[in-house]
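First comes the structure, then the notes that go with it.
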2 protein chains.
Amino acid sequence: MQHTGVTIRDVARAAGVSVSTVSRVLNDKEDVAPETAAAVRRVIEELGYASSLAARGLRSRTTHVVGVIVQDMWHPFISTLIKGINEVVAAHSYDLLAYASARRNVEALAQWEQQQVARLNGTIADGIIVVTPHAATYRTAFPIVAVDPHQADTEFPAVISTNRQGVLEAMNYLLGLGHRRIGFITGRMDLQSAVRRYDGYRSALQEAGVALDPALVVEGDYSRETARGAALRLLTQPHPPTAIMASSDDTAFGVYDAAAELGMRIPEDLSVIGFDNIAASASVNPPLTTVDQFIERMGALAAEIVLKLIQGQPCESRVHKVPTQLVIRQSCRAIESVHS
Amino acid sequence: MQHTGVTIRDVARAAGVSVSTVSRVLNDKEDVAPETAAAVRRVIEELGYASSLAARGLRSRTTHVVGVIVQDMWHPFISTLIKGINEVVAAHSYDLLAYASARRNVEALAQWEQQQVARLNGTIADGIIVVTPHAATYRTAFPIVAVDPHQADTEFPAVISTNRQGVLEAMNYLLGLGHRRIGFITGRMDLQSAVRRYDGYRSALQEAGVALDPALVVEGDYSRETARGAALRLLTQPHPPTAIMASSDDTAFGVYDAAAELGMRIPEDLSVIGFDNIAASASVNPPLTTVDQFIERMGALAAEIVLKLIQGQPCESRVHKVPTQLVIRQSCRAIESVHS
DNA sequence: AACGATACCGGCAACGATACCGAAAACCTA
DNA sequence: TAGGTTTTCGGTATCGTTGCCGGTATCGTT
């Protein structure tokens, strides 16, 4: 007995039955006498036994576990997403397992994901949700759902929000308030979501007949710190913007930081709009006007799809869009005509 | 071939070698010719193969994975903790696996945890960190570390913060500002941390020679919504407190909500102190004075201990305390003498 | 040329659990 | 009571992987 814990054999021996019988009790099979089952259950409780996830999955190919592959469990977007996933998954009495790998070499992210998928594939989880995947295909016929994938068209179902449309709405709001010089801080441009948000920015300007000034677009990476630097560059140039459209709430917070450093007030001196509507955006000062992308609902939807796939039901459509909605708070202000 | 993905056998067949050889390549063993290894590696990459975590763990009893058992991955405390854990774990090139179970019956939490531990035990993870465990002992000789356990003395190493001391400091700050009627909203009193924070409240009053008024203590559960109700009760009574010590930042936010409803300004009409120093506490309005318990460091410490245990090193002490620190921001104000 | 020492690799068993098959026991039915 | 049916249970193979053992090929040495 090398196993550090209690195995099914220990239970069988203690209960005076065979391993098979214990297994039957564990899985609520028919063929077992009530009193035998009761005795086995008592022993299981006494010994504090639980079947090994690994061994069970290896043999029976079904684990009642949904896996989530992420690069970082801590980021608010991901953690909110997991909340949405967890609720649906728990309601179906599936367990949730989030996996983050240390061995991550940036130049081969797609391969890294493939590895993670293969590692959990079939033996640990019944289905997998991959968050912001780089790859568009995995070598497996396995329930997989992507959330916010890099690639536009994936082989597996994907859940995305209407990124372009969301920014478009926000921009129209700013334009309606009279802003014409609107700065833009991009997200990580290797992400599909960032590209589409930038698309929304450009489309809105075009529709409004405002020429795009390259000096007003700065590249960010969704992080607060990078955004701070980007905002400083935007705001210290000769002809600074009167409003900044940020590609994420974190990015918007970076703008807040920069404004504070420059002694600018929001919204009096500068209007700001974020994207995501993470929890913090309601409680910052001033409360941030932002585009809600219903992250929890995205997670819930992804979970529903993966559970459907697990149960063998086909997935009707490949791309599932979750609509966005502009949440107006207090970080924007109408601009008075500069010449009046 | 029932496996939905690629197995070691597929790799062996494709590379024209035996399964054993592939295994040797995978584990960087000595006895394999460089060109053979290269060929195998090429096939592995072509097929997108990765060894199954389950099978590998089952056979070799070492997985290079640290497991974290939580009830909810979403809560800021837990998610921050995971961030701290992840950094240390990744630095040692271990993978991180967070597990949340759906089958949770509240009356038998300790047994539920035992199940989770047994489930991951040995075959999936090399060591386990249990967050806010209910049980004080598990039936296993396995690297286990607890963070913020319910029980005061556990059989396994535990990481806690100096909860009592933290509240004591905060209270002394409030008392120093002249406050005498200080309300207290407790945490979930079944948690060790909540009890110790309440201890700190009582000790501070006693040391200062202020009698404890039971009307100023209301039970909460660390949640914002419950705290809102609790704060409303505190603030609408005949002789309301001039300051509220909240058992967590979320609790303090609930106090903010209640104050807003009642038209009270913070800190002009009411001083508030929180506990945790989660990210949001710096960006609320006004920025919250709170007790930083260095959640990330707690996670990092837990990870270090569990890695040490995995490597067979003994753990010198059972209880590891992470010191707290009062972070003074703008939610408190000195009280003018009511009679002047 | 013959031998021993390596280097390399394949076969087999085992990890803990479940699926399947068939045997033993218990229960009917006539 | 004999025969048949059902209930209950044990034995065995197997999942994908690695550890161990031993076999073969290659090479250097005298």
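Letters A, B, ... are given to chains in the order of the sequence lines, protein chains preceding strands, and every chain is numbered from 1.
You'll find that the side chain of A:A33 is closest to D:dC9, out of D:dG10, D:dC9, C:dG16.
A distance-only check finds a donor-acceptor pair linking the side chain of A:N27 to the backbone of A:S23 [under 3.5 Å]. Checked by atom type and distance alone, the side chain of A:H75 pairs as donor or acceptor with a backbone atom of A:F77 at under 3.5 Å. Remark: side-chain polar atoms of A:E296 are not paired, donor with acceptor, to backbone N or O of A:K83 under 3.5 angstrom. With A:Q114 contributing its side chain and B:G48 its backbone, the two residues share a donor-acceptor pair below 3.5 Å. Side chain of B:T21 to main chain of B:V17: no donor-acceptor pair is present (N/O by atom type, distance under 3.5 Å, no hydrogens or angles). The closest donor-acceptor contact from the side chain of B:E113 to the backbone of B:H134 lies under 3.5 Å. Under the 3.5 Å distance criterion, the side-chain polar atoms of B:T63 are matched with a main-chain donor or acceptor of B:I124.
Neither OP1 nor OP2 of D:dC15 sits under 4.0 Å from any side-chain N or O of A:R61. Regarding contacts with the backbone of D:dT8, every side-chain N or O of A:T21 stays at 4.0 angstrom or more from both OP1 and OP2. An OP1 or OP2 oxygen of D:dC15 is reached within less than 4.0 angstrom by no side-chain nitrogen or oxygen of A:R56. Here A:S52 does not reach the OP1 or OP2 of C:dG16: none of its side-chain N or O atoms lies under 4.0 Å away.
When the C1' atoms of four end pairs are superposed on the next four at each end of the helix from C:dA1-D:dT30 to C:dA30-D:dT1, using five pairs per end, the two resulting axes differ in direction by 50°, to 10°.
As rounded to whole Å, 13 Å separates atom C1' of D:dT17 from atom CG of B:D10. Protein atom CD1 of B:I8 is 15 Å distant from nucleotide atom C1' of C:dA14, rounded to whole Å. In this structure, B:L58 atom CG and D:dG19 atom C1' are separated by 13 Å, rounded to whole Å. Remark: P of C:dC8 and CG of B:D28 are 15 Å apart, rounded to the nearest angstrom. The distance from atom CD of B:E30 to atom P of C:dT6 is 15 Å, rounded to the nearest whole Å. Residue B:L120 contributes atom CG, which lies 16 Å from atom C1' of C:dA17 at whole-angstrom precision. Between the CG atom of B:L26 and the P atom of D:dG16 there is a distance of 15 Å, rounded to whole Å. The distance from atom CG of A:L53 to atom P of D:dT17 is 16 Å, rounded to the nearest whole Å.
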Inset, instruction - For each nucleotide in nucleotides 19-24 of chain C, reading 5' to 3', give B when a protein heavy atom comes within less than 4.0 Å of its base, S when such contact involves only the sugar-phosphate, and - otherwise. - result: BB----

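Note on B:V17: only backbone sugar-phosphate atoms sit closer than 4.0 angstrom, heavy atoms only; bases stay farther off.
Between B:D126 and B:R56 there is no salt bridge, since no side-chain N of the basic residue sits under 4.0 Å from a carboxylate O of the acidic one. A salt bridge links B:D190 with B:R188: the closest approach of a Lys/Arg side-chain nitrogen to an acidic carboxylate oxygen falls below 4.0 angstrom.
Of all the residues in residues 38-49 of chain A, not one reaches under 4.0 Å from DNA chain D with any non-hydrogen atom.
No more than 12 heavy atoms of other residues, nucleotides or ligands shown are found within 6.0 angstrom of CD on A:E30. More than 12 heavy atoms of other residues, nucleotides or ligands sit less than 6.0 Å from atom CD of B:E46.
B:Y49 and B:D10 share no donor-acceptor pair across their side chains, judged by distance under 3.5 Å alone.
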